[in-house]
Each structure stands twice: as C-alpha cells, then as structure tokens.
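The chain is numbered in sequence order, starting from 1. All figures in this text were calculated on a predicted structure; none of them were measured in a lab.
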Amino acid sequence: MTGSAASDAVAEAMTTLTRRAFLPPAQRAHADEDRPLPLAHGQTNSQPSTVAAMLRLLDVPAGASVLDIGSGSGWTTALLGRLVGPEGRVLGLEIDPDLAVWGAENLAAWSMPWAAIEQADPSALGRPVEDGWDRILVSASGQQLPEALVAQLADGGRMVLPVRSTMWLVERHGEQVGRSPQGSYAFVPLR
C-alpha cells in the first residue's frame, strides 16, 4: 500500500475506530480536538494528526506483522489491527500495567482477535520474533535511535518513532538500514 491508498486506508481506519472510544470518560468531550489528551500516570493519547502522519509513514500493508510500542489506551493498536486485517498480527506493548489492562479492554471491544495488548517487560525494549516485525510503531520518544528495535525489523521492514523531538522513518533492506528525519513532534518519554 503506498501513497493515496495508504492515506485512504488510514483515514478510513480513523473514521471507523473513533478516538472517543479509547479515552477516559472525562476526556471524551475533547476527542475531536487535535491535541494530546491525558490518560493516566503521565501518559497521553497522541493527537490525531500525529497518529495519522505516523501511520502513513509506516505504510502498513494488509497481512503484516506489527509491533506497537507504547500502546496506551489501545487506539493505535486498534488502528493497526484495522490496517493489517485478519491475515495480519498486531502486538501492542504498554509499560504501565494499569494502562495495559485498560488498553486491552478497549481493544477487545472491537473484535479483532489478531490484535492484542500486553504489558511490556521493563527490562527489554520490544519483543523479538522469528523473522522480525514487518512494521514497528513507537509512540514515545527516546534519547537515541534504539538499535534493539532496529534489530527486530524484518527485511523490508519499516519503523516510525520519535527520537527527542524528531520523527524518524527507519527502513531495513537486508543488512542496510536507512534512517530519515520526518519532522518535529512532541511525545511522552520512552521508558
């Protein structure tokens, strides 16, 4: 999926899986505002324009295997689940145990058994799988590009993540890894 097809798929997913359903009751009135909204424990639900930009950069094909780091309320995991469809697989990881449980409950309401949210292991970044992940989305900002995640990308894989205040697109082709900056954004820190 490339170009306008990716844009249309992202727009359709964001229309179908409304942000409101993934927000705490006190924040639902603000769901249509294009700004980050607080969840719990200092975490946020990213602003819709940023989520859309990240998903378009990620260029998620149907049937892909996707790792979603910092899944929070479950919204990005659900959006990715919609993009990969039932032939794909999405694993959302969230470091905050309460948020991981709540995000998994939010995701379960959408009947996508090919997508799941689990609590992240605080001693490891990501979750290595055989053959790597086709796509990795990171929704929290690190101080440097995490080589542990680059190593988890499959051949032909793409990762989108913020490092400090810059969004990066990372692409793996065999042993070659390309990195390109994609603009400035604000995110909560990667823990």
Side-chain angles (χ1 to χ4, degrees), residues 1 6-7 9-24 27-28 31-62 64-85 88-96 98-120 125-127 133-142 149 152 157-162 167-170 182 185-191:
M1 180 181 334
S7 295
V10 169
E12 186 275 332
M14 292 182 79
T15 299
T16 303
L17 300 162
T18 64
R19 182 186 196 201
R20 179 174 279 103
F22 295 88
L23 292 172
Q27 295 300 323
R28 290 181 185 152
D32 294 332
E33 297 173 18
D34 193 31
R35 63 184 177 97
L37 294 173
L39 295 175
H41 308 249
Q43 303 300 310
T44 62
N45 180 280
S46 297
Q47 65 192 67
S49 62
T50 300
V51 171
M54 292 177 79
L55 293 176
R56 287 184 176 114
L57 277 173
L58 204 57
D59 193 21
V60 180
S65 65
V66 184
L67 180 62
D68 182 21
I69 297 178
S71 58
S73 69
W75 188 40
T76 54
T77 306
L79 291 167
L80 290 163
R82 179 79 177 187
L83 293 171
V84 303
R89 172 183 176 218
V90 180
L91 175 62
L93 296 177
E94 173 55 49
I95 195 76
D96 183 280
D98 295 333
L99 206 47
V101 169
W102 182 63
E105 290 169 355
N106 290 337
L107 177 62
W110 294 92
S111 298
M112 289 188 275
W114 57 92
I117 295 175
E118 298 176 6
Q119 183 178 353
L125 187 55
R127 178 83 51 88
W133 297 97
D134 298 319
R135 300 291 187 268
I136 300 175
L137 178 68
V138 183
S139 296
S141 183
L149 292 180
Q152 293 176 45
R158 295 167 72 101
M159 175 169 55
V160 173
L161 75 163
M167 186 72 65
W168 287 86
L169 171 62
V170 177
Q182 302 291 321
Y185 295 84
F187 280 87
V188 297
L190 182 63
R191 301 189 292 168

Would you name the heavy atoms of Leu137 and Met54 that are closest together and state the gap between them?
CD1-CE, 3.3 Å
Tell me the closest heavy-atom pair linking Gln119 and Leu93, and the distance in Å.
O-CD2, 4.4 Å
Going by the side-chain contact (heavy atoms from CB on, under 4.5 Å) test, name the single residue among Thr76, Leu83, Val84 that passes it with Val66.
Val84
Results of salt bridge (charged side-chain N to carboxylate O under 4.0 Å, His left out) for Glu33 - residues two or more places apart only
Arg35
Do you know which two heavy atoms are closest between Met14 and Ala52, and how far apart they sit?
SD-CB, 3.6 Å
Drop me the distance from Leu79's CG to Leu58's CG, to the nearest 0.5 angstrom.
11.5 Å
Can you see which heavy atom on Trp75 is nearest to which on Thr18, and at what distance?
NE1-C, 3.9 Å
Distance-only, no hydrogens or angles: does the Glu94 side chain make a donor-acceptor pair with backbone N or O of Trp102 under 3.5 Å?
no
Nearest atoms (heavy-atom pairs only) where Gln182 meets Trp168
CG-C, 4.4 Å
Output yes when a side-chain donor or acceptor of Ser65 lies under 3.5 Å from a complementary backbone atom of Asp134, and no otherwise.
yes
Can a donor-acceptor pair be found between the side chains of Ser73 and Asn106 at a distance below 3.5 Å?
no
Tell me if a side-chain donor or acceptor on Gln152 pairs with a main-chain N or O of Arg127 at a distance below 3.5 Å.
yes
Please name the pair of heavy atoms, one in Val51 and one in Ser46, separated by the smallest distance, quoted to 0.1 Å.
CG2-CB, 3.7 Å
Going by the rule salt bridge (charged side-chain N to carboxylate O under 4.0 Å, His left out), which residues pair with Asp34 if we only count those two or more places apart in sequence or in a different chain?
none
